[in-house]
Amino acid sequence: MNDRHEVLGQPRKNAYRDTWATGAIEQPIGKEIQVSGWAHRRRDHGGLVFIDLRDRSGIIQIVFHPDVAAAAHEAAGTLRAEDVISVKGKLIKRDEAVVNLAIPTGHLELQASEIEILARSETPPFQVDEDGHVDEALRLKHRYLDLRRGTITPNLKLRHRVTQTIRRVLDEHDFLEVETPNLTRPTPEGARDYLVPSRVKPGGWYALPQSPQLYKQLLMVGGLERYFQIARCFRDEDLRADRQPEFTQLDLEMSFVEEEDVIAITEAVLKEVLADAGIFVETPFQRMCYDEAMGRFGKDAPDLRYGLEIQNLDEVFAASEFKVFNSVLTGGGTVRAINAGKRELSRADLDELTEFVKGHGAGGLVWAFVEEDGGWRSPIAKFLSAEEIAAATAAMGAEVGDVILAVADAKKNTAAGALGALRERLARQFDLIPFGEHRLVWIVKFPMLEFDDDAQAWTPLHHPFTAPDGDLNDPANLGSRAYDIVMDGWEIGGGSIRINTVEVQEKILDIIGIDRAEAEERFGFLLEALKYGAPPHGGLAIGLDRLVTLLAGAESIRDVIAFPKSATGADPLTGAPAGVDEQQIRDLHIVSTAPRTDD
RNA sequence: GGGGAUGUAGCUCAGUUGGUUAGAGCGCCGCCCUGUCAAGGCGGAGGUCGCGAGUUCGAGUCUCGUCAUUCCCGCCA
């Protein structure tokens, strides 16, 4: 971490310091200064002791001479890693021969006259002075030590700059930052709620908000016109590398607006936020329809930084005698494929890819190598005519040596989704993602509804407050006024124009099978608000954790959160979730069926 | 709910077809050392091989279970 360096304002002189460690650069040679921080490293020569002192700004070398300050030299000999010290001394220029070019203060050192040891440290469970790999569970258990190492802290600094920029830009556009409650009404829709039992009202429960969605709509009914919040949201679902049970959204909403207004303000914010991370983009961002994204990339959050696009081979194989393709196509299904290019894939590799697509719902994977004579080396080659092979090769734009990977499925989205996942895997496996390049794209023209086979019902693709676009009596073809913003294959945000009349809102609830009584029970307060003159309004939410993860180039969302949860939702530092006293449970009028958890 | 991977010294890891006393680097402790900056030299301590069963003459190694961490599927309007 020697090369990390932060320029900070001059600290107020007090009992501990008058200068930051790297602030010494700004001070004249010979000046008496005082610094405080941690003993980062020690180099004890017996007669001469060097201590690298570290504070947030960076590192400065302290030298203890026995003949300059005998007491300080003796004390310095007892220092160990991570002891907290305050040192007074004279700033001196190093001889040319001993300049350290690796740190900004390398041409200086502080010749100690006095040292005070403010706190001793036990030997840390892992080395704070090195950036080598340490098991994440251990880092999270001692996150305060991990933060000293300087792998996470730069991300937190970036996150700070991002939120400051968000507040500045939105303030310049007349947005009001308003806080909404964290103890809210359960609205069993979407994700599983975190529930909080009420002590005062026996049998009553709060839910932690999955998002401030309904509150922000009420703020629009309340005439605030332009609102934003950097809001904590909670969803009790299983975790992933890019999902935490509590996470942060930039939530915003505007009145009397159309899609273009929300998109424009979002682009203005993102352009400046990205610039904070040294990423410079042009506005307006690219747009792509949902159908095109699904067709070409098999995903509604496509990564546009590389090719490997999905092709449709329905027409090529329309009259095929090959049973698998024939039955899928006559049943209304689809055959789609990726030209993976010239890849050396062994039989074992192909088996692994087959298992991979099966894991994403596909029945199997057809592979074919294009050979010199134009034929295919493929398990299915013998079932296909020469014309079909030639046509498919042409449709794929394939050349000799290319590998074609195809999936046939009765459901278009299954085939597309499996190939979309395969596409991302191949891109990583063959290192096709250009370093340092970023692609932002708006996905628009979403369907309003999708049919849930399990529930045998229409469910909203976004949420039931999204304004529909089209004929309300034709759910299968009903569009929505929703839009997602996608960066490098990650959905970093999404939003919509909302429904602002009770008639349309009730109609949508009807279609998705929520009857009047149930709607009244769940969303009655919103429906009532819509009766009193709700302005046309819309907005969007950006996943701040994901956005900062991308900007920081971090591996995991956990690397941009000071105190993240583990993949099982536990906090390794505090031990949460933990058991509680019987009395606390009784006070809340609840009964636990689980064995007591002590830690 | 399902599948994969990992678990050996404080940390990061190695440990062959099951075979005597489980190793390395860093860290830690002691001594030496006045220009190092990953300081150096010499010496030393440190292990419930995640936990529990089983197979075997013998298990870090094989089997089963379990726990923890992690990645993925389902889930996440």
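Reckoned from all heavy atoms, side chains included, excluding hydrogens, waters and symmetry mates.
For A:E109 against B:G35, a side-chain-to-base donor-acceptor contact under 3.5 Å is present. On a pure distance criterion of 3.5 Å, no polar donor-acceptor pair joins the side chain of A:R235 and the base of B:C76. The base of B:U36 lies close enough to the side chain of A:R94 for a donor and an acceptor atom to sit less than 3.5 Å apart. No N or O donor and acceptor, one from the side chain of A:R42 and one from the base of B:C37, sit under 3.5 Å apart. Side-chain atoms of A:H65 come within donor-acceptor range of the base of B:G35, with a qualifying N/O pair under 3.5 Å. Side-chain atoms of A:R240 and base atoms of B:G74 include a donor and an acceptor less than 3.5 Å apart. The base of B:C72 is not paired with the side chain of A:R425 by any donor and acceptor separated by under 3.5 Å. Put simply, the side chain of A:E136 and the base of B:U70 share no donor and acceptor less than 3.5 Å apart. Taking only distance into account, the side chain of A:D238 meets the base of B:G74 through a donor-acceptor pair shorter than 3.5 Å.
Residue pairs meeting the salt bridge (Lys or Arg N to Asp or Glu O under 4.0 Å) criterion with at least one partner in residues 89-105 of chain A, sequence neighbours excluded, are A:R94-A:E109.
Here A:R558 does not reach the OP1 or OP2 of B:U69: none of its side-chain N or O atoms lies under 4.0 Å away. Between A:R43 and B:U36, a side-chain N or O to OP1/OP2 separation shorter than 4.0 Å is absent.
Among the atoms of the strands shown, base atoms are found under 4.0 Å from some heavy atom of A:V98.
Under the 6.0 Å distance and 45° angle rule, A:R235 does not count as a cation-pi partner of A:Y194.
A:H65 meets the side chain to side chain donor-acceptor pair (under 3.5 Å) test with no other residue; sequence neighbours excluded.
Judged by distance alone, the side chains of A:T19 and A:Q27 never bring a donor and an acceptor atom under 3.5 Å apart.
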